[in-house]
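Note that these values count all heavy atoms, side chains included, but never hydrogens, waters or copies made by symmetry. First the proteins, then the strands, lettered A, B, ... as listed; each starts at 1.
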Amino acid sequence: MNLESLYQDIILDHYKHPRGKGLLENPLASAFHVNPTCGDEITVQVGRNEAGGLVIGYEGQGCSISQASASVLVELLQGRSIQESEEVRLAFLELMHSKGSGDPDEEVLGDAVAFAGVAKFPARVKCALLAWMALQDAEIQAGLLKTGEGA
Amino acid sequence: MNLESLYQDIILDHYKHPRGKGLLENPLASAFHVNPTCGDEITVQVGRNEAGGLVIGYEGQGCSISQASASVLVELLQGRSIQESEEVRLAFLELMHSKGSGDPDEEVLGDAVAFAGVAKFPARVKCALLAWMALQDAEIQAGLLKTGEGA
Amino acid sequence: MTLLDVAAIKADFPILSTTVRGGQPLVYLDSGATSQKPGVVLDAERNFYEHANAAVHRGAHALAEEATDAFEDARRTIASFVGARSEDLVFTKNATESLNLAAYAFSNATAIAHFDAHAVNPRFVLKPGDTIVVTEMEHHANLVPWQEVCRKTGATLRWIPLTDDGRLDLSNIDSIIDKTTKVVSVVHQSNILGTINQVRFLMDRAHDVQAVGIIDGCQSIPHMPVDVVELGADLVAWSGHKMLGPTGIGCLWGTEEVLNAMPPFLTGGSMIQMVEMDKSTFALPPAKFEAGTPMVAQAVGLAAAARYLDNIGMDNVAAHEHALTQYTVNLLNALDGVRIIGPANSTDRGSAISFVVDGLHPHDVGQVLDSTGVAVRVGHHCAWPTCRRFGVPSTTRISPYIYNDFSDIDKAVLGIQAAQEFFGVNA
Amino acid sequence: MTLLDVAAIKADFPILSTTVRGGQPLVYLDSGATSQKPGVVLDAERNFYEHANAAVHRGAHALAEEATDAFEDARRTIASFVGARSEDLVFTKNATESLNLAAYAFSNATAIAHFDAHAVNPRFVLKPGDTIVVTEMEHHANLVPWQEVCRKTGATLRWIPLTDDGRLDLSNIDSIIDKTTKVVSVVHQSNILGTINQVRFLMDRAHDVQAVGIIDGCQSIPHMPVDVVELGADLVAWSGHKMLGPTGIGCLWGTEEVLNAMPPFLTGGSMIQMVEMDKSTFALPPAKFEAGTPMVAQAVGLAAAARYLDNIGMDNVAAHEHALTQYTVNLLNALDGVRIIGPANSTDRGSAISFVVDGLHPHDVGQVLDSTGVAVRVGHHCAWPTCRRFGVPSTTRISPYIYNDFSDIDKAVLGIQAAQEFFGVNA
Ligand SMILES: Cc1ncc(COP(=O)(O)O)c(C=O)c1O
Ligand SMILES: Cc1ncc(COP(=O)(O)O)c(C=O)c1O
């Protein structure tokens, strides 16, 4: 049993008590992504607050990993600058593609370090990335990010 | 070397000195067949003489086996009744599908018994049958034979 | 127990004695996706490569003859496995290609008819107003190709809806299959619900209105005795890899009449009669539909698989699976918080059994099972609209085969309970 | 001798130590049709089945992950063998399917545009007056599919003619590739003549007129270093079985832009993004073009073949074949009554060498060679119009590969002389 390395308590907690779930009133852009193998879906919306920071809303249905990952994303990036959030997003991408050999920086990734174990399960990496890919897409649509950056 | 079992003298003789080659003036029907793997082609034509016997003409180009077989066919069947010629044709078909284990009846098959060795070379069976399939086709077109009979 | 000597059968499959996830013995319950291969199938393929490999139907040398013989012997073996003539059996790369081949007969004939109506058989020419009928339980492979035909011809797709217990709802069948219908293409046994459909009835209905009748036999031919001729269809498609055969080979059986009437699909070498720079004529079936160098070694492997199944006896395979189905359905029905999607009994249903667990996502159920060595499939099983029909995003599916026994099912059930426990959703 | 240690290479191929026709050691000179397979390729396939077999891209259990990894690793290996990104490499069952996939992009887009012009990229929509350009030395696989596109769209087929020494006659190229041209699809190395064509020049011409440029790389990729990106084409097709890989797998490489712009071909599972009963959206390439359960074991086998060739070094393969070509051409030129069909020298030509013998039919030449254990191909080599161009019904073809040496060629030449003797046509 290596279930605990995948389903860390932080993940289960975010799954059961998702943070910041809900859609925005006036999003700049909205991206709907599905995982075509399992049907999991997520809508991620972005806007900006007065200070220029990111405002993120989301809705979705799916497995514990995909839903917890969306919740962690919002908790981590809500209100941050585009530049800061890109740094976190890229670090998360790197961690997920590390096949489990990554050495995640908790300073940057916060609760998202809990996903380190997911990287050992290639079939679940897509679940963990679902919200993050949708975020990138929404940011590109909103003109906050250029196409192809860091993808 | 088992070349001699394939290329019996009779076959080489018919190849070098084809009998009855040439087209008919007023055929009842004409069938053009090709071997799509090698491009060998034959046209077989049928008519009937006053006694009701078969009149056969042909033209073609191809390997020794296909050309000798056409020559043997004409020599054997020219002037015979439809019924007799069917008997020979079916006996030849059987011999060709015998994989070399056939015991050909020289009374029925005449020079065509020389093709017994060809039956051991699956890739050449088609060559040997080319004229005989075209004959059947021409006979069906001419109304001398019903579709599917013995095929 | 059941009729089969499962321990002996298991020993024939090298992979079934391996372990996964750090030492867990593998319990493979995902045969609906793909089956495992017995050693005899792997041996047959290798033996072909080591002794007879050459291009088929094109060469005249000794190896080419042996390769051609091996290929055509394989065709005869596989044809006779389903009660067919070998002339009526077309090899493809998988069932998806087989179904696309059927679908393209319609879009190709329709396109050619624009320029040369006499060159095609009118049965295959579609126009706006024509309808194509499928069911709401099709695998994407028997749905998307027909959507595409509609996009290309203006025809309309209709489908037979489902009842809540996962059967075809035939109450309005006369308004679904009607005079406008040109194709009826239905799955024999659903890969997600397990339902076995009354295909003979539907094929007869298709023929009543002169439609072409097609059956997706992917989940029936590996699991029960099937005589394709008796199904009453014009075309039947299935895959080799789900019946112990290699990947990369599928089959399409058709009646002589319909195979002759269909235009070719893939074109190129070995499917022609004559070729000139600006026009070609085509060979007779099955060659007409087998352009290019075929999957020769895979055909030889699949023939070995058919012989292996024949030795067990397809009646015995079906009886064995029926017993497993009954056992599984009963256990799942007894589990709190577990709901079967599809028939919740073992009447007219095969061994693919989908279910959902209250409060748990199938991915998470599957992951817990996996951590105990039990391999099941989670997701929409390429039948996404069927999931939607039952209001679930996806399911977990147990699909046993000849190498599974009751103890494998027990392990799966224990895993489901472990998942409920782990995620704290015990009923 | 040449650069390669042929004896050591031969020992890697189990079939090459077998005998044929009652004890004759096999001399395999038919690699243009299909190559033999080294043990490492057979081992890789078997190892996959025995340790990792499962459905790819669909499952989440341990085996499914291993199978998916094996499949995608294979894609990376094969892509890097031809200098490509793995995202741009599509697996098919053979080159014929790859070329049909390309051709169907045009007929499908054209049919869809009838009903929904916005749903397709206009580059792929054809109409009467548009032209498709091929050459007079195409394999049927790169000719018949385009004839079929013309039948379905009203477009016209044009071809680049040949010179008497078997080269492309480019003297009128500007009137062949012109503003009406939407596709230029040409063979890189002819399988019948051996000619290596100036594909870069032709692809650039294609792009000058905004046509899609396609290369049939079946006979080049196995035999010389090829960087598909540098060829300048939009799409490049080839087969696995001619480059030491298993039967049942082919490749289509494409630029990201063109693969994205093409409509899907085969549709069904694994190539979708979302499916509803009446409409679907599609995945990105390469998945978009890989409907159904793929040829997983074959991809793994082909990757082993690519590694095997990489270990030898494609430069060395090409140099070796060049030496064999030179040797063969010289010997054939020196034989009375023998005429090479194709370039009669070794400049810009590969090792497939066709010839005719005065007074002898190729079938009979091949048969005599076969009786001495030498396997060559006879017939029109699926390039029937090319035969007609040279006024011959068919040819005999010697096509050596890495496991052949000069002594194999010597045996073939002895066989030709024996045939002349046997049939009494000695010059
Ligand atoms: C030049 C060329 N193109 C296309 C093909 C077709 O390849 P396949 O039969 O593997 O589809 C071949 C080989 O037969 C070939 O030599
Ligand atoms: C019912 C059904 N139809 C079609 C298919 C498609 O088969 P394949 O993926 O082998 O083409 C499958 C399996 O995936 C299936 O279960």
*asked:* So for C:Ala64, is it side chain, backbone, both, or neither that comes closer than 4.5 Å to the heavy atoms of chain D?
replied: neither

_C:Glu276 side chain vs D:Pro385 backbone, donor-acceptor pair below 3.5 Å_ = no

*Heavy atoms, side chains only, cut-off 4.5 Å: are D:Val56 and C:Thr34 in contact?*
no

*Heavy-atom proximity to chain D below 4.5 Å, by part of C:Glu65*: side chain

*Can you say whether C:Pro145 sits under 4.5 Å from chain D via the side chain, the backbone, both, or neither, judging by heavy atoms?*
both

*asked:* Counting only non-hydrogen atoms closer than 4.5 Å, does C:Asn47 touch chain D with its backbone (N, CA, C, O), its side chain (CB onward), both, or neither?
replied: neither

*Hey, are the side chains of C:Thr293 and D:Thr96 touching, using non-hydrogen atoms and a 4.5 Å cut-off?*
no

Could you pull out all donor-acceptor pairs under 3.5 Å where a side-chain atom in residues 134-141 of chain D meets a protein atom, sequence neighbours excluded?
unit_1, atom_1, unit_2, atom_2, d
D:Thr135, OG1, D:Met137, N, 3.0
D:Thr135, OG1, D:Glu138, OE2, 2.7
D:Glu136, OE1, D:Leu162, N, 3.4
D:Glu138, OE1, D:Asn142, ND2, 2.9
D:Glu138, OE1, D:Val187, N, 3.2
D:Glu138, OE2, D:Thr135, N, 3.3
D:Glu138, OE2, D:Val187, N, 3.1
D:His139, ND1, D:Ala141, N, 3.0
D:His140, NE2, D:Trp384, N, 3.1

_Pairs involving residues 141-162 of chain C, ordered by first then second residue, that meet salt bridge (charged side-chain N to carboxylate O under 4.0 Å, His left out) (sequence neighbours left out)_ = C:Glu148-C:Arg151, C:Arg158-C:Asp178

_Do C:Tyr49 and D:Pro246 make a side-chain contact, defined as non-hydrogen atoms from C-beta onward lying under 4.5 Å apart?_
yes

*Taking all heavy atoms of C:Asn94 and all of D:Ala291, pick out the closest pair and write down the distance.*
ND2-O, 3.5 Å

_Between C:Gln147 (side chain only) and D:Met277 (backbone N and O only), is there a donor and an acceptor less than 3.5 Å apart?_
yes

_Centroid separation C:Tyr104 to D:Phe265 less than 6.0 Å_ = yes

*Separation of C:Lys279 NZ from D:Cys150 SG (nearest 0.5 Å)*: 13.5 Å

*Residue part contacting chain D, namely of C:His241, when any heavy atom lies under 4.5 Å*: side chain

*asked:* Given heavy-atom pairs under 4.5 angstrom as the criterion, report whether the side chain, backbone, both or neither of C:Asp278 touches chain D.
replied: both

*Test: C:Lys93 and D:Glu97 ion pair at under 4.0 Å*: yes

